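Take a look at the structure set out below.
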Amino acid sequence: MQNLIDQRRLFTLLFGIFALLMLPFLAMQFTAEVYWSFTDFIVAAGLLFMFGFTILMIRRKVTGRITRLSLLLLCVALFCLVWAQLAVGLF
């Protein structure tokens, strides 16, 4: 039963990543202001997958409520920092 739940969550994660990556792809079809290369899509997919998989592992392995919340917030903060660095070179 646990394996089925994990497969369902992994499928949801992959579908969510696909849906998020469709937004810039569709925007590229309608405007010249959005331009992502194939490499941009690969990097974004890898970053989103690592972020989502880390969230799934934290939710599954960490039992303490405060510890889980702290790790989730740290993960979100790191994701935002990496995304900002890759997007505009903030640092």
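As the structure is a computational prediction, the values presented were derived from the model and not from experiment.
- Not counting sequence neighbours, the partners of Leu20 by the side-chain contact (heavy atoms from CB on, under 4.5 Å) test are Leu23, Leu48.
- Under the ring-ring contact (aromatic ring centres under 6.0 Å, His included) criterion, Phe53 pairs with Phe49, not counting sequence neighbours.
- Residue pairs meeting the ring pair (Phe, Tyr, Trp, His ring centres under 6.0 Å) criterion with at least one member in residues 9-28, sequence neighbours excluded, do not occur.
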Per-pair distances, 0.1 Å, donor-acceptor, side chain in residues 38-47, under 3.5 Å, sequence neighbours excluded:
{"from": "Asp40", "atom 1": "OD2", "to": "Ser37", "atom 2": "N", "distance (Å)": "2.9"}
{"from": "Asp40", "atom 1": "OD2", "to": "Ser37", "atom 2": "OG", "distance (Å)": "3.3"}

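- Summarising the local packing, CD of Glu33 is surrounded by 12 or fewer heavy atoms from other residues, nucleotides or ligands at distances under 6.0 Å.
- Note that OG1 of Thr63 and CZ of Arg68 are 7.5 Å apart. Values are rounded to the nearest 0.5 Å.
- Annotation: Arg59, atom CZ; neighbour count of heavy atoms from other residues, nucleotides and ligands within 6.0 Å does not exceed 12.
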Passes side chain to side chain contact (heavy atoms under 4.5 Å, CB included), Met57 versus Val62? Steps please. CA-CA 8 Å; Met57 287 295 103; Val62 179; over 6 Å; no

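- Hydrophobic cluster membership of Tyr35, counting Ile, Leu, Val, Met, Phe, Trp and Tyr whose side-chain heavy atoms lie under 4.5 Å apart directly or via other members: none, as it forms a cluster of its own.
- Counting all heavy atoms, side chain and backbone alike, Val34 lies closest to Met28 at O-CG, 3.2 Å.
- Scanning for side chain to side chain donor-acceptor pair (under 3.5 Å) contacts around Thr31 gives an empty result, with sequence neighbours left out.
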Taking only distance into account, with no hydrogens and no angle test, what donor-acceptor pairs under 3.5 Å do side-chain atoms of residues 70-91 form with protein atoms, sequence neighbours excluded?
{"from": "Ser70", "atom 1": "OG", "to": "Ile66", "atom 2": "O", "distance (Å)": "2.8"}
{"from": "Gln85", "atom 1": "OE1", "to": "Phe91", "atom 2": "N", "distance (Å)": "2.9"}

